[in-house]
Amino acid sequence: MIVIIFPHDWPHKSPALLQLLEDIKNSKLQYELFLPIKAKKYWSFQKAKYFDISFNIFSRIAIRILNLFSYFDNFLISYVAKHILDKEINIKEGHTLICFDFFFYRALLRKYNFKKKYLFSTELFLYFKDIFNHLNDEEVYLVTQSKIRADFLGFRSSSMLRIVDNVKIDQEFMSSTKLINHQNRNGLLYSGTICKELGKKTLEKLAIDPLRSYQFTIHGDIKINKNQCHKLDIIKEYLSDLDMRELMLRSKVGLVLYDFNYISRIRHFNFETGPSGKLLKYILCGLPIIGTECTGLYDVKRFNAGILLKNPTSKEINLAYQKIIHNYDFYKSGINKFSSKIINRGKLIDFTE
């Protein structure tokens with residue numbers, strides 16, 4: 001039995017969770033999925049069990065302090081982890097426990113016995129730099145998008161942990177990118193979560209920009225009527241690996257946006273030190289990048305794999321797109337160098353062992 005804990009209200013917007021469930025179902029493995037009660041309106045048609053993680057007033061105050069200051073991290077994170085579960089979660093002890101976010105994992109660690117425990121650190125909303133000090137002698141797998149994020153979380157100095165980078169990138173996905181002639185590609189693609197932290201306002205302005213002369217495809221839940229905009233395609237449904245690959249191979253340039261006006265201190269590291277998951281897929285599918293200038297996207301600049309903008313606007317993105325198109329062979333060469341670097345990834349996880 002595989003037990004999965006996802007503590008956020010937006011399971012339908014988590015590519016990592018959706019892909020994980022697809023892999024488990026394809027392998028015909030038994031699993032239990034636990035979601036917050038507020039996620040029920042998005043997930044009622046899926047197999048899941050629900051629990052209440054409503055914060056009491058002191059927990060809400062602690063979260064607010066964590067967003068503003070770093071001085072009391074150890075104490076406040078311990079407090080919130082202790083009080084997040086207002087009601088009992090009835091979990092059957094099984095073979096594998098998978099938790100999204102260390103914050104929730106810590107609350108369950110001493111409560112249940114599992115042969116294997118996995119921590120998915122993608123899109124953390126809380127962090128704790130000395131995580132490994134609380135894991136005792138358990139064998140724990142950290143599943144993360146980048147080594148630099150693992151280092152930031154404190155896993156670097158722990159011999160008890162195995163770090164697995166870039167999980168679930170198969171050889172078929174990578175080899176297929178070499179067979180595509182870029183002359184058949186067209187337009188700019190944004191694929192991923194759409195929220196104010198990830199440049200929602202810029203995406204909306206770019207979608208309705210009358211000066212945009214190229215095809216713009218948005219794969220995500222955005223509230224725009226595509227019929228009122230020119231050269232705009234919006235795909236709101238979740239795509240399988242195969243459909244995602246086909247979408248990216250039809251596109252010419254990939255877009256990665258961050259709006260640091262809306263990113264808190266806690267979440268800031270996630271964008272500064274951890275490159276976007278969509279970036280990885282863009283690179284593997286041979287798309288040059290237009291992105292926000294930040295540490296997490298530095299390799300785009302280092303390999304000449306695209307153009308980074310300090311404060312991306314619709315006008316600047318239009319200019320960057322034209323520049324890439326007019327120098328496409330140059331940026332494609334950078335993409336090839338970048339992809340060769342990330343091909344040497346960590347081993348895949350086998351949930352059935």
Side-chain angles (χ1 to χ4, degrees), residues 182 185-226 228-235 247-248 250-264 267-283 285-339:
H182 65 73
R185 297 172 178 260
N186 180 46
L188 179 67
L189 170 67
Y190 177 90
S191 175
T193 303
I194 296 176
C195 60
K196 58 186 180 180
E197 293 91 346
L198 300 180
K200 178 182 178 181
K201 290 185 177 180
T202 301
L203 286 174
E204 292 173 340
K205 291 179 180 179
L206 184 61
I208 64 175
D209 186 353
L211 299 178
R212 177 174 50 78
S213 60
Y214 51 87
Q215 178 70 30
F216 184 28
T217 301
I218 299 176
H219 172 222
D221 189 10
I222 191 168
K223 296 180 179 179
I224 293 178
N225 186 346
K226 66 178 180 180
Q228 297 177 351
C229 307
H230 75 294
K231 294 186 176 181
L232 177 67
D233 188 21
I234 298 177
I235 304 170
L247 172 64
M248 292 196 173
R250 292 198 304 265
S251 304
K252 203 146 191 174
V253 180
L255 183 61
V256 181
L257 293 176
Y258 296 130
D259 189 339
F260 290 98
N261 293 319
Y262 297 101
I263 296 173
S264 68
R267 296 193 65 191
H268 201 272
F269 86 92
N270 199 37
F271 302 90
E272 284 290 335
T273 67
S276 164
K278 69 176 72 66
L279 170 68
L280 182 63
K281 290 186 177 181
Y282 289 156
I283 295 300
C285 286
L287 278 70
I289 307 299
I290 297 175
T292 305
E293 187 172 303
C294 63
T295 307
L297 300 182
Y298 174 73
D299 280 342
V300 171
K301 185 175 182 179
R302 182 160 72 97
F303 288 100
N304 292 317
I307 296 175
L308 299 182
L309 306 169
K310 288 186 177 180
N311 296 297
T313 63
S314 180
K315 180 180 179 180
E316 288 179 323
I317 292 173
N318 288 336
L319 292 173
Y321 180 83
Q322 296 302 332
K323 183 177 180 180
I324 290 176
I325 295 303
H326 292 150
N327 301 276
Y328 206 72
D329 288 338
F330 171 77
Y331 290 107
K332 279 290 292 184
S333 176
I335 288 293
N336 292 336
K337 293 177 183 177
F338 196 170
S339 62

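Only a predicted model underlies this, so the values are computations on that prediction, with no experimental measurement involved.
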Return the set of residues passing side-chain contact (heavy atoms from CB on, under 4.5 Å) with [X] (not counting sequence neighbours), or none when no residue passes.
| X | value |
| --- | --- |
| N311 | none |
| N327 | K323, F330, Y331 |
| N225 | N227, Q228 |
| E316 | L309, T313 |

Report task. Begin from the C-alpha positions of L232 and R212 and carry the test side chain to side chain contact (heavy atoms under 4.5 Å, CB included) through to its verdict. Result -> CA-CA 10 Å; L232 177 67; R212 177 174 50 78; 4.1 Å; yes

How close do [X] and [Y] get, counting heavy atoms only, and between which atoms?
| X | Y | answer |
| --- | --- | --- |
| V253 | Y328 | CG2-CE1, 4.5 Å |
| K252 | P288 | O-CD, 3.2 Å |
| L279 | L297 | CD2-CD2, 3.6 Å |
| I283 | I335 | CD1-CD1, 3.4 Å |
| I224 | C229 | CG2-SG, 4.0 Å |
| T292 | P312 | OG1-CG, 3.6 Å |

Query raised in the report: Is any side-chain N of the basic residue among D299 and R302 closer than 4.0 Å to the acidic one's carboxylate O?
Result: yes

Query raised in the report: For S251, what residues pass the side-chain hydrogen bond (donor to acceptor under 3.5 Å, both in side chains) criterion, not counting sequence neighbours?
Result: none

Report task. Please name all residues satisfying side-chain hydrogen bond (donor to acceptor under 3.5 Å, both in side chains) with S213, sequence neighbours left out, ordered by chain then number. Result ->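 side-chain hydrogen bond (donor to acceptor under 3.5 Å, both in side chains) list for S213, sorted by chain: Q322.
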
Considering only distance and modelled atom types, tabulate donor-acceptor pairs under 3.5 Å from the side chains of residues 198-211, sequence neighbours left out.
from, atom 1, to, atom 2, distance (Å)
K201, NZ, Y262, OH, 2.7
D209, OD1, L211, N, 2.9
D209, OD2, S314, OG, 2.5
D209, OD2, N318, ND2, 2.9

**Report entry** ring-ring contact (aromatic ring centres under 6.0 Å, His included) pairs, two or more places apart, involving residues 299-323
**Finding:** Y214-Y321, F303-F338

Requested in this report: Keeping the roles fixed (side chain from Y282, backbone from L189), state whether a donor-acceptor pair exists under 3.5 Å.
Outcome: yes

Query raised in the report: Would I307 and I289 count as a side chain to side chain contact (heavy atoms under 4.5 Å, CB included) if you check the C-alpha gap in whole Å, the side-chain angles of each, and the deciding distance to 0.1 Å?
Result: CA-CA 6 Å; I307 296 175; I289 307 299; over 6 Å; no

Requested in this report: State which residues pass salt bridge (charged side-chain N to carboxylate O under 4.0 Å, His left out) with R250; sequence neighbours excluded, sorted by chain then number.
Outcome: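 Residues passing salt bridge (charged side-chain N to carboxylate O under 4.0 Å, His left out) with R250: none at all.
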
Query - Audit row: S191, K281, side chain to side chain contact (heavy atoms under 4.5 Å, CB included) steps and yes/no - result: CA-CA 10 Å; S191 175; K281 290 186 177 181; over 6 Å; no

